Asks: 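Would you mind keeping the following structure in view while I ask a few things?
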Number of protein chains: 2
Amino acid sequence: MKKDCSDIGCHNCAMKSVPFSKLTDEQLEYADKNKTVVTYNIGETICKKGAPLTHVLFLWDGIAKVYTDLPNQKHVIMKLLKKCDMYAGPGIFADEKYHYSVTALTPVKLCMIKIEAFYEIARQNSLFTYELLSLSNHAHIRYMFHLTSLTQKNMQGRFSDMLLYLRHHIYDENPFTANTSRQDMADMTAMSKESLIRIMKEFKEEGLIEVNGDTITLLQEEKIKFISEHS
Amino acid sequence: MKKDCSDIGCHNCAMKSVPFSKLTDEQLEYADKNKTVVTYNIGETICKKGAPLTHVLFLWDGIAKVYTDLPNQKHVIMKLLKKCDMYAGPGIFADEKYHYSVTALTPVKLCMIKIEAFYEIARQNSLFTYELLSLSNHAHIRYMFHLTSLTQKNMQGRFSDMLLYLRHHIYDENPFTANTSRQDMADMTAMSKESLIRIMKEFKEEGLIEVNGDTITLLQEEKIKFISEHS
DNA sequence: ATCTTTCGTTAATATATATCAATGAATTAT
DNA sequence: ATAATTCATTGATATATATTAACGAAAGAT
C-alpha cells in the first residue's frame, strides 16, 4: 500500500509516525480535533526562527528546508523534510520557540497539531513520550554526524555527504532531481556557492557524477562514499 | 545548602536532576538498587564511542569532556560535564551505543544507573520521560548554537564563545582555572592547537583577557561578547 | 515583448587557517 | 638526578576556501 493521507482523521491516517501509532483511539480523536491542514507555495515560510512554537508539523507532501536563519544571511541547512516526516522543533518541551526556520522548496501540504494537545497526550501516555525521545535522539545522532562533517571534512567530503544524504535520505533513488538551489546546497555544506559549484564541476570532470540542471546521477557511489570517509 | 552527594541513596541525594525529582519513592528506591559509584583518574576513559551504552552517568564531582572520538585523531569536544550533570548519550532510547567518548579532565566521581532501570522507570512515569525530553531538547538547542559557532564564525568568534562557555556554563566565576589543555581548547573550537594559541595571544595583547598558565581572566567581557556576536 | 532581477557559472585574487619546523618548559619515567 | 616524553609557544610557509567581478541564462515583472 502506498503511504498517503487524505483528510479522513488521524485515526485512518496511513502516515502515522511511530509515536502516534502508540496512541489510544481516544487520544487520536483528541489529536484530530486539534489539527489543521495547510498548503504552502514554493519559497513560503512555514515556521520562522524566534517565533513562538505553536504547532507540530506532519508533512503530507513536498520538500522543505530546516535552517538556522542567521542575521548575517549565512544560513546552515540542518536537514530537509519530506513526505511523512514529523517535525517538532527543539523548542518543544523546552523554551517553546522555533529555533530553526522552515521554508517550502516545493509546494508543501501538511497538517499541524496544536502544541497544547501534544503536551496533553505526552502527559497521559508514557509510551508516546518514550517514542518522541527515541526520535529526538536519533535526530541528535544525525546532527552529530553533520557537525563532524561540517567541521572536520574538506569541501569534497562535505559535498559527498550531501550527495549521499539526498540520494538515500531524501529522494531514495539514484538519478534524483534536487529541489535545492545551488545556494541551498552551499548552505547544506557550509561553503560558498561558488566553491560548491567548483567542487561539483570537479566531481563531474572526474566522472563521479553527472549533472543536468537539477538532476544529479551518482555514477560512482562507492568512490563518493570513500571520499566521504577519508577526507 | 551546598549541593553535594554522599552515598546515602537516591532518596536523599541532594543532586537529583529534574527528571529524578519527579520519581516516586518506590522508583527512587529502584534506581538506587541499580546504581554503582565509581572514581576515575585524570585521562581515564569513562565511556568509549561505539561501545554498548549500558549506564547513565551522574557526576558527583570533577570535570569531564564529551567528544567525538574520530579515527583520524581530530576530535570535536561537544561539551564538558561538571558536578551535578546527568549524562545520557544520544544512543539512549535509540541504538544503545555511545556516540561520544567521555574522558576525565580532573579526578571524577560519579554514579552510574543501569540503562534497563532507566527504561523501566521511563515506561512507568511519563512525567519523568517528559523531563528527559525537555533536557534533551535544551541540549539540542545548545548544540545548534555550537554548530553555527563552529561553522559560521571566524577563529576569534569561536574562541570568544569558548571563553564565555567556560566562564558561565562550567566554572561560573571570572578568573577561572581551566582543566582543558590547549589541545582540548582547540578541539572545542575546531581549530588547530597552534591557531588557538595565536588567537589567545592576540586576545592577551589587546587586553581582552589575562592568562597565567591555565588561569584565565576575562578583562573585557562585553567586548568578548561583541566579538562572539559580530564575527 | 522587453526590462529587471535572480540564478548558475567561471576565473582571478585575497585571506583565513592549517601545517611544518624548531625550541624551551614542564612532566613523567628510568 | 638524568633522560625521555609531552605540552606550550613562535615564526615561516603552504593551502584550502572565500571574495570579488564578470557574464550568460533563466525566470518574473511591467
Side-chain angles (χ1 to χ4, degrees), chain A residues 41-44 65 70 72-77 103 105-107 149-162 177-205 209-216 227 230-231, chain B residues 41-44 65 70 72-77 103 105-107 149-162 177-205 209-216 227 230-231:
Chain A
N41 297 317
I42 291 179
E44 285 184 334
K65 61 176 174 181
L70 300 171
N72 57 329
Q73 296 285 27
K74 287 194 163 192
H75 306 313
V76 186
I77 295 181
T103 298
L105 296 181
T106 68
S149 172
L150 296 186
T151 60
Q152 302 298 311
K153 296 184 183 180
N154 63 18
M155 294 196 292
Q156 287 78 2
R158 281 178 274 157
F159 183 67
S160 296
D161 284 338
M162 186 201 68
T177 302
N179 303 105
T180 42
S181 66
R182 303 298 141 123
Q183 183 62 58
D184 286 330
M185 294 184 188
D187 291 345
M188 282 198 262
T189 50
M191 54 178 111
S192 69
K193 186 177 62 166
E194 293 86 346
S195 289
L196 178 114
I197 289 167
R198 220 190 59 233
I199 300 293
M200 202 159 168
K201 190 181 173 192
E202 198 180 298
F203 272 51
K204 272 190 287 188
E205 283 169 354
I209 59 174
E210 195 177 297
V211 180
N212 263 318
D214 290 333
T215 301
I216 298 175
I227 293 168
H230 293 84
S231 71
Chain B
N41 298 317
I42 292 179
E44 285 185 335
K65 61 176 173 181
L70 301 171
N72 57 330
Q73 295 285 27
K74 287 194 162 193
H75 306 314
V76 186
I77 295 181
T103 297
L105 296 182
T106 67
S149 173
L150 297 185
T151 60
Q152 302 298 312
K153 296 184 184 182
N154 62 18
M155 294 196 294
Q156 287 77 2
R158 280 178 274 157
F159 182 67
S160 297
D161 284 338
M162 186 201 69
T177 301
N179 304 105
T180 43
S181 67
R182 303 298 140 120
Q183 184 62 58
D184 286 331
M185 293 185 189
D187 291 345
M188 283 199 262
T189 50
M191 52 178 113
S192 68
K193 187 176 62 166
E194 294 88 340
S195 289
L196 177 113
I197 289 167
R198 222 189 60 232
I199 300 291
M200 202 159 167
K201 189 181 174 193
E202 198 181 298
F203 272 52
K204 272 190 287 190
E205 282 168 356
I209 59 173
E210 196 177 296
V211 180
N212 263 317
D214 289 335
T215 300
I216 298 175
I227 293 168
H230 293 83
S231 71

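Note that the structure is a prediction, hence the values are computed from the model and not measured. Throughout, a chain's letter reflects where its sequence line sits, starting with A, and its residues are numbered from 1.
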Asks: B:K65 and side chain to side chain donor-acceptor pair (under 3.5 Å): which partner among B:D184, B:T180, B:N179, B:T103?
Replies: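 Only one option passes, and that is B:D184.
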Asks: Write down the atom of B:L196, the atom of B:A186, and the distance for their closest heavy-atom approach.
Replies: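 Looking at all heavy atoms of both residues, the closest pair is CD1-N, 3.8 Å.
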Asks: Measure across A:L150 and A:V76 and return the closest heavy-atom pair with its distance rounded to 0.1 Å.
Replies: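 It is CD1-CG1, 4.1 Å.
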Asks: Provide, to the nearest angstrom, the distance between the CD1 atom belonging to B:I199 and the P atom belonging to D:dA8.
Replies: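 So the two atoms are 17 Å apart, to the nearest Å.
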Asks: Can you tell me how far C1' of C:dT17 sits from CG of A:N154, to the nearest Å?
Replies: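 Computing the A:N154:CG to C:dT17:C1' distance gives 14 Å.
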Asks: What is the distance from atom CD1 of A:I227 to atom CG of A:D161, rounded to the nearest 0.5 Å?
Replies: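 The distance works out to 10.5 Å.
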Asks: Kindly state which residues belonging to residues 183-195 of chain B come within less than 4.0 angstrom of DNA chain C, counting heavy atoms of the residue only, listed by number.
Replies: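 Residues of residues 183-195 of chain B that come under 4.0 Å of DNA chain C are, in numerical order, B:A190, B:M191, B:S192, B:E194, B:S195.
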Asks: Among C:dT17, C:dG8, D:dT17, which nucleotide sits nearest the side chain of A:S181?
Replies: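 Of C:dT17, C:dG8, D:dT17, C:dG8 is nearest to the side chain of A:S181.
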Asks: Sugar-phosphate means primed atoms, P, OP1 and OP2; the rest is base. With that split, encode nucleotides 24-30 of chain C 5' to 3' as B, S or - using protein heavy atoms under 4.0 Å.
Replies: -------
Asks: Can you tell me if the side-chain N/O atoms of A:K201 get under 4.0 Å from OP1 or OP2 in C:dA11?
Replies: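 The answer is yes; a side-chain N or O of A:K201 sits under 4.0 Å from OP1 or OP2.
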Asks: Looking at B:K153, is its backbone amide N or carbonyl O close enough to the side chain of B:R158 to form a donor-acceptor pair, meaning the two atoms are under 3.5 Å apart?
Replies: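 Confirmed, B:R158 side chain pairs with B:K153 backbone.
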Asks: Can you check the A:N212 CG to C:dT9 P distance for me, whole Å?
Replies: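 Going from CG in A:N212 over to P in C:dT9 covers 11 Å.
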Asks: In whole angstrom, what separates B:I216's CD1 from D:dA8's P?
Replies: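 Going from B:I216 (CD1) to D:dA8 (P), I get 12 Å.
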Asks: Closest to the A:Q156 side chain: C:dT9, D:dT9, D:dT17?
Replies: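 Closest nucleotide among those given: D:dT17.
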Asks: List the steps and the verdict of side chain to side chain contact (heavy atoms under 4.5 Å, CB included) for B:I216 and B:F203.
Replies: CA-CA 11 Å; B:I216 298 175; B:F203 272 52; over 6 Å; no
Asks: Measure from CZ on A:R198 to C1' on D:dA18 and round the result to the nearest Å.
Replies: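 Result: 10 Å.
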Asks: To the nearest Å, give me how far apart CG (B:L150) and C1' (C:dA18) are.
Replies: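 Computing the B:L150:CG to C:dA18:C1' distance gives 16 Å.
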Asks: Restricting to non-hydrogen atoms, name the atom on A:H75 and the atom on A:L70 that form the minimum distance, rounded to 0.1 Å.
Replies: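 That would be ND1-N, 3.5 Å.
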Asks: Step by step, work out the side chain to side chain contact (heavy atoms under 4.5 Å, CB included) result for A:M185 and A:T189.
Replies: CA-CA 6 Å; A:M185 294 184 188; A:T189 50; 5.6 Å; no
Asks: Could you tell me which non-hydrogen atom of B:S231 sits nearest to which non-hydrogen atom of B:G157, and how far apart they are?
Replies: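 Here B:S231 and B:G157 meet closest at OG-CA, 3.1 Å.
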Asks: Measure from CE on B:M155 to C1' on C:dT15 and round the result to the nearest Å.
Replies: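 Result: 11 Å.
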Asks: Would you kindly give the CD1-to-P distance between A:I197 and C:dA11, to the nearest whole Å?
Replies: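 About 12 Å, once rounded to whole Å.
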